[in-house]
Structures are given as C-alpha cells and as structure tokens.
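Since the model is a prediction, treat every value here as computed from it, not as a measurement.
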Amino acid sequence: QVQLAESGGGLVQAGGSLRLSCAASGWTSSTYIMGWLRQAPGKEREFVATIGQSGSTTYYADSVKGRFTISRENAKNTLYLQMNSLKPDDTGVYYCAAKIAAGLDNRARRYDYWGQGTQVTVSS
C-alpha cells in the first residue's frame, strides 16, 4: 500500500526557515516524480515544487523560487523541502505528492498519491 507521510511543519516567524520531510513507504519512490503542493485557508491547492526521479531536475513556482529547495534521497525513500526566508503568504498545509507519469508537472490533478499534509504557519 502506497503511503506518504509529511513531517517538519510548525510555527515560524517571517524570515525564518523550516525543513519539511516526506517519507514514502509501500513502494520504491525513485520511480516516481515527486512534488510539494500547498493549500492556504479558503484557497485552492497550489503547486510549490517538483523533482525528477534522479533528483537532477527541479521546477519551482515563481512565488518560492530562490527561497525554497526541493531534494530527494532515494536510498531512504524520502523527499525534502527546505524553506528559507519564509513569508506570511507561505502559510498553509503542505502536501507531499507522487506522480506516476513521466515529466515534471505543476498541476495538482496530475499527481496520483498524496500525503495527509503538514501545517506551516508563518507569523508576521
């Protein structure tokens, strides 16, 4: 059974940093495109970042480019999101997701498996 479990969320002041982790189990995550998406209260789920199977290719939303870094450690079946220079607008529930089909994608509907999410709150 495919499972994704996020951790590392919390409350941080603006300008601070957090590192999110996503542990995959029940399958070999290295065969899948992985991504992070987030959802703020009252808003639709939005794309944050995605990474290819080997970790050599990445793609970011313009709103986080230069501040967030996505990475993966396939030997540990783990995905990461390093978030620096956090802003109040980054507040939301952050979801780890996996995509079976090839190719990086910023569309939430293209992802096949989802974690339960971890809350990130950035205070001003």
Side-chain angles (χ1 to χ4, degrees):
Q1 182 178 357
V2 174
Q3 288 189 327
L4 298 172
E6 303 94 337
S7 62
L11 173 64
V12 64
Q13 289 189 330
S17 298
L18 281 175
R19 189 193 195 202
L20 305 183
S21 298
C22 172
S25 60
W27 49 294
T28 302
S29 65
S30 61
T31 61
Y32 297 91
I33 302 291
M34 301 292 293
W36 288 98
L37 298 95
R38 67 187 181 189
Q39 188 165 18
K43 294 187 177 181
E44 292 186 355
R45 196 167 296 189
E46 66 171 1
F47 168 77
V48 175
T50 183
I51 188 167
Q53 290 97 326
S54 69
S56 61
T57 55
T58 58
Y59 175 51
Y60 296 90
D62 287 343
S63 58
V64 307
K65 202 174 294 183
R67 300 187 298 122
F68 290 11
T69 303
I70 188 171
S71 63
R72 64 193 297 167
E73 195 168 354
N74 287 337
K76 295 184 177 181
N77 266 4
T78 303
L79 176 73
Y80 303 100
L81 184 68
Q82 177 67 43
M83 305 187 294
N84 299 328
S85 302
L86 283 161
K87 305 175 182 179
D89 284 349
D90 295 319
T91 294
V93 177
Y94 281 69
Y95 297 91
C96 167
K99 176 174 168 290
I100 298 172
L104 302 183
D105 206 305
N106 63 355
R107 293 168 289 184
R109 66 180 185 274
R110 294 294 188 177
Y111 289 82
D112 302 288
Y113 301 103
W114 294 82
Q116 292 299 308
T118 185
Q119 177 70 45
V120 172
T121 304
V122 185
S123 63
S124 57

Atom pair [atom1] ([X]) and [atom2] ([Y]), whose distance is rounded to the nearest 0.5 Å:
| X | Y | atom1 | atom2 | result |
| --- | --- | --- | --- | --- |
| Ser7 | Gln116 | OG | CD | 13.5 Å |
| Lys99 | Gln53 | NZ | CD | 8.5 Å |
| Leu104 | Ile51 | CG | CD1 | 9.0 Å |
| Ser63 | Asp90 | OG | CG | 7.0 Å |
| Leu37 | Tyr94 | CG | OH | 10.5 Å |

Nearest heavy-atom pair of [X] and [Y]: which atoms, and what distance?
| X | Y | value |
| --- | --- | --- |
| Leu18 | Val120 | CD1-CG1, 3.9 Å |
| Leu86 | Val12 | CD1-CG1, 3.6 Å |
| Leu79 | Gly35 | CD2-O, 3.8 Å |
| Gly115 | Glu6 | CA-OE2, 3.2 Å |
| Ser123 | Leu11 | CB-CD1, 4.4 Å |
| Ala40 | Thr91 | CB-O, 3.7 Å |

Going by the salt bridge (Lys or Arg N to Asp or Glu O under 4.0 Å) test, which pairs reach into residues 39-58, not counting sequence neighbours?
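Matches after skipping sequence neighbours: Arg38-Glu46.
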
What I want to find out is whether Lys87 reaches Asp89 closely enough, with some N-O distance under 4.0 Å, to be called a salt bridge.
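No, no charged N to carboxylate O under 4.0 Å.
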
Taking [X] for its side chain and [Y] for its backbone only, find out whether a donor-acceptor pair lies under 3.5 Å.
| X | Y | result |
| --- | --- | --- |
| Thr78 | Lys76 | yes |
| Asp105 | Arg110 | no |
| Gln82 | Thr69 | no |
| Thr50 | Met34 | yes |

Side chains of Leu81 and Arg19, heavy atoms from C-beta outward: is any pair under 4.5 Å?
no

Can you check whether Tyr95 reaches Leu4 side chain to side chain, under 4.5 Å on heavy atoms?
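Not touching, per the 4.5 Å side-chain cut-off.
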
Sequence neighbours left out, what pairs pass ring-ring contact (aromatic ring centres under 6.0 Å, His included) with at least one residue falling in residues 34-77?
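Counting only pairs at least two positions apart or across chains, the ring-ring contact (aromatic ring centres under 6.0 Å, His included) contacts touching residues 34-77 are Phe47-Tyr59.
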
For Lys65, enumerate each residue passing the salt bridge (charged side-chain N to carboxylate O under 4.0 Å, His left out) test, keeping only those at least two apart in sequence or located in another chain.
Asp62

Given Tyr32 and Ile100, is the side chain to side chain contact (heavy atoms under 4.5 Å, CB included) satisfied, shown in steps?
CA-CA 5 Å; Tyr32 297 91; Ile100 298 172; 3.3 Å; yes

